Amino acid sequence: MKRIAVYPGSFDPVTQGHLDIIRRAACLFDHVIVAVSENSPKQYTFPLHERVEMIRKALGSRPRVGVEPFSGLLTHFVKSRKARILIRGLRAISDFEREFQMALMNRKLHPDIETVFLMPDEKYTYLSSSLVKEVAGLGGNPKKLVPPNVSKRLKALSGRRKQWKGIASP
Ligand code: PNS
């Protein structure tokens, strides 16, 4: 039987840390589905289709990895893909509480789905999508933090915001 793992998240946008986790998961499982969330309570910077496309482009052709949007309960999506494994990345102790809560809630909902935590390379432990957006938004270079296609998008976004502010200010 094929071991299918689902790696869910907002990926707003995907970072080198996320890609590192995807690579590690792809070494462990037969197929990895990167599941891009549509309905977490968060306000997203990038629309769903763009978050999906950015990951697809960053990954290139990887036969064992798919990227799909999902909405509704994560465990329903996992079941619908005949998977039993959920992957989450753990960067630091600060991630633990929320991750522990989500893993146990998902287990309560579907006891046969197991959450597996993977650690990214330590050079990515400080990295998060929100910090990357803050850096890029304030004129910092996001080049080493995200794949090149995402870096371009972030620069375009921060350029547009500056332009807009310039027009809006007297
Ligand atoms: O990248 P994020 O924002 O930490 O990902 C969080 C995500 C999308 C995995 C989480 O919000 C989620 O699973 N959302 C789907 C709705 C759901 O199933 N909620 C109950 C899970 S405890």
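Computed from a prediction, not measured in an experiment: that's the story for all the values here. Counting begins at 1 with the first residue of the sequence.
- One finds the CD1 atom of I87 at 8.5 Å from the CD1 atom of I21 (value rounded to the nearest 0.5 Å).
- Hydrophobic clustering (ILVMFWY, side-chain heavy atoms < 4.5 Å, transitive): L157 and L48 are in one cluster.
- Under a 4.5 Å side-chain heavy-atom criterion applied to ILVMFWY residues, the cluster that includes V78 comprises I4, V6, I33, F70, L74, F77, L86, I113 as well.
- Atom CZ of R153 and atom OG of S158 lie 10.5 Å apart (nearest 0.5 Å).
- Judged by distance alone, the side chain of D95 and the main-chain N or O of L90 form no donor-acceptor pair under 3.5 Å.
- A side-chain donor-acceptor contact under 3.5 Å links R51 to the backbone of S37.
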Worksheet entry | K2 and H31: CA distance, side-chain angles, deciding distance, side chain to side chain contact (heavy atoms under 4.5 Å, CB included) verdict | CA-CA 7 Å; K2 257 175 107 177; H31 191 69; 4.3 Å; yes

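- One finds the CZ atom of R98 at 6.0 Å from the CZ atom of R88 (value rounded to the nearest 0.5 Å).
- Distance check: F46 CZ to K133 NZ gives 7.0 Å after rounding to the nearest 0.5 Å.
- A salt bridge links K79 with D112: the distance from a Lys NZ or Arg NE/NH1/NH2 to an Asp or Glu carboxylate oxygen falls below 4.0 Å.
- Of all the heavy atoms in P120 and G17, the pair that sits closest is CB-O, 4.3 Å.
- Between A26 and V65, the shortest heavy-atom distance links the atoms CB-CG2, 4.0 Å.
- For residues 64-78, the set of pairs meeting the side-chain hydrogen bond (donor to acceptor under 3.5 Å, both in side chains) definition, not counting sequence neighbours, comprises E68-R81.
- Taken to the nearest 0.5 Å, the OG atom of S10 stands 12.0 Å off from the CD atom of Q43.
- When all heavy atoms are compared, the tightest approach of F11 to A35 is CE1-O, 3.6 Å.
- The minimum heavy-atom distance between M1 and D30, with the atom names listed, is O-OD2, 4.1 Å.
- Hydrophobic cluster membership is shared by L28 and L19, with clusters built from Ile, Leu, Val, Met, Phe, Trp and Tyr side chains linked at under 4.5 angstrom.
- The closest donor-acceptor contact from the side chain of D20 to the backbone of Q16 lies at 3.5 Å or more, if one exists at all.
- Dense packing is recorded around CZ of R23, with more than 12 heavy atoms of other residues, nucleotides or ligands lying under 6.0 Å away.
- Clustering ILVMFWY residues whenever any of their side-chain heavy atoms sit less than 4.5 angstrom apart, transitively, puts Y7 in the very cluster that holds V116.
- In this structure, N149 contributes its side chain and K57 its backbone to no donor-acceptor pair below 3.5 Å.
- Note that OH of Y44 is 11.0 Å distant from OG of S129, once rounded to the nearest 0.5 Å.
- Across every non-hydrogen atom of V67 and I55, the tightest pair is CG2-CG2, 3.9 Å.
- Listed by first and then second residue, the ring pair (Phe, Tyr, Trp, His ring centres under 6.0 Å) pairs involving residues 106-150 amount to none (not counting sequence neighbours).
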Practice prompt. Show the numbers, then the answer: is there a side chain to side chain contact (heavy atoms under 4.5 Å, CB included) between I85 and R3?
Written response: CA-CA 8 Å; I85 301 143; R3 281 178 174 263; 4.3 Å; yes

Practice prompt. Under the side chain to side chain contact (heavy atoms under 4.5 Å, CB included) rule, what do V132 and L154 come out as? Steps first, then yes or no, please.
Written response: CA-CA 9 Å; V132 165; L154 283 167; 3.5 Å; yes

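- Between P142 and K155, the shortest heavy-atom distance links the atoms CD-CE, 4.1 Å.
- In terms of hydrophobic clustering, with Ile, Leu, Val, Met, Phe, Trp and Tyr side chains grouped at heavy-atom distances under 4.5 Å, M54 and L59 are assigned to a common cluster.
- Under a hydrophobic-cluster definition in which Ile, Leu, Val, Met, Phe, Trp and Tyr are linked whenever side-chain heavy atoms come within less than 4.5 Å, directly or via other members, V32 and L118 are assigned to the same cluster.
- The shortest side-chain heavy-atom distance between H18 and T15 falls under the 4.5 Å cut-off.
- Using modelled atom types and a 3.5 Å distance limit, the side chains of S151 and K143 yield no donor-acceptor pair.
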